[in-house]
Amino acid sequence: MTIRTRFAPSPTGFLHVGGARTALFGWLQARAGQGTFILRIEDTDLERSTPESVQAILDGMAWLGLDYDEGPIFQTQRFERYAQVVQKLLDEDKAYHCFCSKECLQALREQQMKDGDKPRYNGKCRHLEAIPEGIDPVVRFRNPHSGKVVFEDLIRGRISISNDELDDLIIARPDGSPTYNFTVVVDDMDMGITHVIRGDDHINNTPRQINIYRALAAEPPIFAHVPMILGDDGARLSKRHGALGVMQYRDDGYLAPALLNYLVRLGWSHGDQEVFSVDEMVELFDIRDVNRKASAFNTEKLNWLNQHYMKNLPAGEVAEQLAWHFSDQGISTASGPALEDVVGVQAERVKSLKEMAAQSRVFFEAYEAFDPNAAKKHLRPVAAEPLEAVLKNLQLLDDWSPGPLHAVIDRVAAELKVGMGKV
RNA sequence: GCUCCCUUCGUCUAGCGGUCCAGGACGCGGCCCUCUCAAGGCUGAAACACGAGUUCGAUUCUCGUAGGGAGCGCCA
């Protein structure tokens, strides 16, 4: 069987680390089996979906190097297909129109909660003889009343829930637009998805989705529900509490391979190995080895990995990323040492590229100001002033020349009795 | 409230009945190296949530308890 996986975010914000890890797992599973990885944008919520979010997701995935073979496929472009399937279910009496008002359903829910029951639709419109006038109905899926749904989750193991816990969910709104639990099924079915790898907040939706597959006479895919990621403090990682978009990590000076490595080790391991190249991940990863419990994001460890990659990746590769930070910080690197050399000297002193650029600023300014060929005559007053004092104090000014960078760094640092972070 | 799910050092994890008075990594402490800061080497403290049961033997299997999470939308 050729593996087909997909990542299906809804474009209502940036790509955060939790989503990125889910995408990574799906991507790895596909790459490992020479399968296909598909990107699908779940934008059926017209209210909250934005083109900016779509772009943010695309940017995030591109930065991480998670390339997809098919897509992006937008659900909003498949409304015709959904309508067709809804009609089919209606024709086969596997779905029905429901005329209950939102208010009525709300009242029902409250009553059930009050009685200590699990709120669910009571099936009032299941067998309606008279069709009420003047109401645009929703369409509900006729869920089986008896029996239970059992499935083998690749990560959680066997999960079973009895059908009487489930109610008849709405698959189409009065205006005909489809709802999530229905579109996922139709899409995954149409796209031939073999492994559905998604966040474990979807576990509870899975049984009802399986019922829809059955109604459609389709074989359900294999499911793998990955646990969520908690914040540094162990609390839920939410947008307003520490959740950052992956591009923020780029801006903060992290290398994509470091973030990827960190993310893959969060909830997954291969013996005692900590460092994985992308190729190794592809070779060793198996979704079945993913842990069940939620894990807390640990920035300290990410920092360690980031530095590891700054030191061990080919300097040229790191320099490319570093260049972005120099320009981001408005530092001219026109004159001065080669960026590869900066990486070579600075990598073991800082935790991020952003820091590396910031701390190298003084040297680039020095090079510019003390250019032996031209700058001797016109020291740039503003930038050169404090630096000049430092160098004079170090008696470096006389013999200054763009020599070995690390010697200068070491002498400046020694004089100031601090790490370069303070310079 | 109801249903489903989770539980090894502070954190990420190894462990798939005896090899575990529980191993690795980040972080933290100490020592060494060193003109500073790092980096590097060595080293130390630090965990099987609790209670029953199964078993000759449980971190590992079963069941409870406690704690945590998710879902219960005409959101995805």
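A note on names: the letters A, B, ... follow the listed sequences, proteins ahead of strands, and every chain is numbered from 1.
Taking atom C1' on both B/G68 and B/C74, the two are 32 Å apart, rounded to the nearest angstrom. Nucleotides B/G29 and B/C63 place their P atoms 44 Å apart, quoted to the nearest Å. Remark: the separation of the P atoms in B/C12 and B/A49 is 14 Å, to the nearest Å. Annotation: B/U59 and B/C20 have their C1' atoms spaced 8 Å apart (nearest Å). Taking atom C1' on both B/U34 and B/C26, the two are 25 Å apart, rounded to the nearest angstrom. Distance check on atom C1': B/A14 versus B/G24 gives 7 Å, rounded to whole Å. Here, B/U3 and B/U55 have their P atoms 32 Å apart, quoted to the whole Å. The C1' atoms of B/A52 and B/A58 are separated by 13 Å, rounded to the nearest whole Å.
A donor N or O paired with an acceptor N or O is not found under 3.5 Å between the base of B/G71 and the side-chain atoms of A/N205.
B/U19 is unpaired under the criterion used here, namely a Watson-Crick or G-U wobble arrangement in which both key atom distances are under 3.5 Å. Pairing for B/A52 goes to B/U62, judged as Watson-Crick or G-U wobble with the two contacts each under 3.5 Å. If you check B/A25 for Watson-Crick or wobble pairing at under 3.5 angstrom, you find it paired to B/U11. Using Watson-Crick or G-U wobble geometry with both donor-acceptor distances under 3.5 Å, B/C72 finds its partner in B/G1. Pair assignment for B/G67: B/C6, on the basis of Watson-Crick or G-U wobble contacts that are both within less than 3.5 Å. Under the Watson-Crick or G-U wobble criterion, with both distances below 3.5 Å, B/C35 is left unpaired in every strand shown. Shown here, B/A46 forms no base pair; nothing in the strands shown gives a Watson-Crick or G-U wobble contact with both key distances under 3.5 Å.
Residues passing the salt bridge (Lys or Arg N to Asp or Glu O under 4.0 Å) test with A/R78, sequence neighbours excluded: A/D187, A/D190. Residues satisfying the salt bridge (Lys or Arg N to Asp or Glu O under 4.0 Å) criterion with A/E42, sequence neighbours excluded, are A/R40. Shown here are the salt bridge (Lys or Arg N to Asp or Glu O under 4.0 Å) partners of A/D168, two or more places apart in sequence or in another chain: A/R126. For A/F182, the ring-ring contact (aromatic ring centres under 6.0 Å, His included) test picks out no residue, with sequence neighbours left out. For the ring-ring contact (aromatic ring centres under 6.0 Å, His included) test, residues two or more places apart in sequence or in another chain that qualify with A/F326 are A/F364. Residues passing the side-chain contact (heavy atoms from CB on, under 4.5 Å) test with A/A23, sequence neighbours excluded: A/F7, A/L66. With sequence neighbours left out, A/Y82 forms a ring-ring contact (aromatic ring centres under 6.0 Å, His included) with no residue at all. Looking at residues two or more places apart in sequence or on another chain, you find a ring-ring contact (aromatic ring centres under 6.0 Å, His included) between A/F25 and A/F285.
The side chain of A/R120 contributes no N or O atom lying less than 4.0 Å from OP1 or OP2 of B/C2.
With rounding to whole Å, A/R208 atom CZ is found 14 Å from B/C4 atom P. Distance NZ (A/K118) to C1' (B/C4): 7 Å, rounded to an integer number of Å. Between the CG atom of A/L108 and the C1' atom of B/G73 there is a distance of 13 Å, given to the nearest Å. Going from atom CG of A/D272 over to atom P of B/C26 covers 12 Å, rounded to whole Å. Atom CG in A/N163 sits about 16 Å away from atom P in B/U3, given to the nearest Å. Summarising the geometry, the separation between CZ on A/R349 and C1' on B/U34 is reported as 12 Å, rounded to the nearest angstrom. B/C74 atom P lies 4 Å from atom CD1 of A/I170, rounded to whole Å. Nucleotide B/A76 holds its P atom 14 Å from the CZ atom of A/R198, rounded to whole Å.
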> Which parts of nucleotides 7-12 of chain B does protein reach within less than 4.0 Å, heavy atoms only, written one letter per nucleotide 5' to 3' as B for base, S for sugar-phosphate only and - for none?
Replying inline: SS--SB
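Using a 4.0 Å heavy-atom cutoff across all strands shown, A/Q106 reaches no nucleic acid atom at all. As judged by a 4.0 angstrom heavy-atom cut-off over every strand, A/K148 is placed among residues making no nucleic acid contact. Heavy atoms of A/K114 sit nowhere under 4.0 angstrom from any nucleic acid atom. Among the heavy atoms of the strands, none lies under 4.0 Å from A/H225.
Picking from B/A76, B/U3, B/G1 the nucleotide with the shortest atom distance to the side chain of A/P119 gives B/G1. With distances taken from any side-chain atom of A/R109 to the nucleotides B/C74, B/U36, B/G71, the minimum falls on B/C74. Of the candidate nucleotides B/C74, B/G27, B/C5, B/C5 has the atom lying nearest to any side-chain atom of A/I159. Out of B/A70, B/A14, B/C74, the shortest distance to the side chain of A/S269 is found at B/A14.
A heavy atom closer than 4.0 Å to some atom of RNA chain B occurs in A/E42, A/T44, A/D45, A/R48, these being the qualifying members of residues 41-53 of chain A.
Taking OH of A/Y121 as the start and CG of A/L166 as the end, the distance is 15.5 Å to the nearest 0.5 Å.
Ring geometry for A/F99 versus A/H97: interplanar angle of 30 to 60°, hence tilted. Ring orientation note: the planes of A/F297 and A/Y249 are tilted relative to one another, at an angle of 30° to 60°.
Aromatic ring centres of A/Y254 and A/Y262: separated by at least 6.0 Å.
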Ignoring hydrogens and angles, write down the donor-acceptor pairs under 3.5 Å from the side chains of residues 313-322 of chain A, residues two or more places apart or on other chains.
none

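The residue among A/R156 and A/N181 whose nearest nucleotide of RNA chain B is located toward the 5' end is A/R156. Where A/N204 and A/E165 meet RNA chain B, the nucleotide closest to each residue was compared, and A/E165 sits on the side nearer the 5' end.
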Report, one pair per line, the protein and nucleotides 61-63 of chain B atoms (nitrogen or oxygen only) whose separation is under 3.5 Å.
none

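Taking a cutoff of 4.0 Å between a charged side-chain nitrogen and a carboxylate oxygen, A/E70 and A/R4 qualify as a salt bridge.
By the 4.5 Å heavy-atom criterion applied to side chains, A/L255 and A/L259 are not counted as neighbours.
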